[in-house]
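Start at 1 and go down the list; that is how both ligands and their atoms are numbered.
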Amino acid sequence: MSTRVFPDGFLWGVATSAFQIEGAPEEDGRGESIWDRLAATPGRIADGSDGRVACDHYHRWPEDLELLTRLGVGAYRFSVAWPRVLPGGRGALNVRGLDFYDRLVDALLERSILPMVTLYHWDLPQPLQDRGGWGARDTAHAFVDYADAVSRRLGDRVRHWITHNEPWCIATLGHEQGEHAPGHRDPAEALRAAHHVLLSHGWAVPVLRRNSQAAEVGIVLNLVPPEPASPSPADREATRRFDGSFNRWYLDPIFRGAYPEDAIQDRVRAGHLAPGPLPFVEAGDLAAIAGPIDFLGVNYYNRAVLRSEVVPEAENAPRAVPLPPASELTDMGWEVHPRGLRALLLRVHREYRPPRIFVTENGAAYADGPDAAGHVADARRVEYLRGHLAACAGALADGVPLAGYFYWSLLDNFEWAHGYTKRFGLVWVDYATLARTPKASFSSYRDVISRNAVEDEP
Ligand code: FCB
């Protein structure tokens, strides 16, 4: 093993999101979100659970901040729940909801931990869904009002704003595959939703800059580096198609002000779009989406290996089929592939030139729990972390302007449609008692942070 040292000022952090940890859905005037609604629908969450208690972070946040201090992080990425701030989605402000985040921000700063605030991590107020949700252009206007309200209150102290978490998941998992809220299966709506999410990002950036003048503003994308299963032209074509719909559909408008033409044509061939100009794009939209940002947040979990398969009657085009990967898988069934992170960061740097990049999420679900002595020996997570941090060090050596890394997640938590069955935390949560137990990976990450260095393979 050799030691890779990180640059001074490299930001070490962990990430969470409101719905996954807070609980307290009716407290202090919070309104209903689309995830409350989905979780209350029988059959939608694997273990039949919901977010009513989650990690009870809404009450136990001082204890969780104590964990952050013990870990030694310089930053904490969390999200604000829109339905706490604007229970109706827009209109009357719920000051008590904002108070919660105000206290959290102050307590973080007292501990010298920088708050990195995600405005939208999937918990849309249900009243906005009732008026069309992200499929409706008006929701983009509502988001700007929400971003304005939050940044007016917190903008004097927050230095890192993220508009959206993972637009691909919002659009595709929520509106095309139906696994996430609002649970729709409508590819045309998914494309509209993606556009309105991006548009709301573009419109919110200048508002955040105005209300929070010293802050950096960015967006978080989940990116998946694709590789063809073989050098055959058909597999390369499947890879191009996957990349177009998954990665470039978001990177291109943000950094180049245009949706990728080849990916548009793929959607036309699939019958998701009519030929001609994109029906949901109005004059000025793409310029707004491509307005300058200070950083890109990259969430990395895995790569995709693609093979072409012709399904003539179902679709008028070959379909990209992810291959079952041969290597080690986490409990999500996601391949452990640290090299993909280094390659992805280099590609994003070369092709899109964001001023700075943060890895805003990276982590692994493993079920390891306490032994008889109460220790959680999650050796696979320790190795996962080491491998991916070495990949970050490699990306820095490649010249990537990587400014920080956030492990997903601080705590085991509500993993969306999987409920509580997948544990990503550095800290074990006993869902019966809500007791928190740091795992071996917690100590190992704490050591990386204090040394500002990680071991790499020779
Ligand atoms: C990401 C989400 C995050 C968490 C991880 C495992 O897609 O942003 O909330 O669910 O996956």
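Proximity to His121 (heavy-atom distance under 4.0 Å) selects the following atoms of ligand 1: 2 (C), 3 (C), 8 (O), 9 (O). Here is the list of ligand 1 atoms found below 4.0 Å of a heavy atom in Asn165: 8 (O). Each of the following atoms of ligand 1 lies closer than 4.0 Å to a heavy atom of Trp416: 3 (C), 4 (C), 9 (O), 10 (O). In summary, the atoms of ligand 1 found under 4.0 Å from a heavy atom of Glu415, numbered by their order in the structure, are 4 (C), 6 (C), 10 (O). Using a 4.0 Å cut-off to heavy atoms of Phe424, the atoms of ligand 1 that qualify are 6 (C).
Put simply, no part of Met332 is less than 4.0 Å from ligand 1, judged by heavy atoms.
Of the candidates Arg423, Lys422, Arg381, Asp412 forms a salt bridge (Lys or Arg N to Asp or Glu O under 4.0 Å) with just one, namely Arg423.
For the atom pair SG (Cys55) and CZ (Phe414), the distance works out to 11.0 Å, reported to the nearest 0.5 Å.
Taking the six-membered ring where the residue is Trp, the centroids of Phe143 and Trp82 are separated by under 6.0 Å.
Of the protein's heavy atoms, Tyr301 OH, 3.3 Å lies nearest to atom 5 (C) of ligand 1. Here the protein heavy atom with the shortest distance to atom 7 (O) of ligand 1 is Glu166 OE1, 2.5 Å.
A cation-pi arrangement is absent between Arg342 and Tyr300 under the rule of less than 6.0 angstrom and at most 45 degrees off the ring axis.
In this comparison of His180, Glu361, His418, Lys422, the heavy atom closest to atom 11 (O) of ligand 1 sits on Glu361.
Residue Gln20 has at least one N or O atom closer than 3.5 Å to an N or O atom of ligand 1.
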**Message:** With ring pair (Phe, Tyr, Trp, His ring centres under 6.0 Å) as the criterion, how do His195 and Trp134 come out once you've worked through the C-alpha distance, each side chain's angles and the decisive distance to 0.1 Å?
**Reply:** CA-CA 9 Å; His195 184 68; Trp134 287 112; over 10 Å; no
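Side-chain contact of His184 with Glu176: a donor-acceptor pair under 3.5 Å is absent, judged by distance alone. With hydrogens and angles left out, the side-chain atoms of Thr16 and Tyr76 include a donor and acceptor closer than 3.5 Å.
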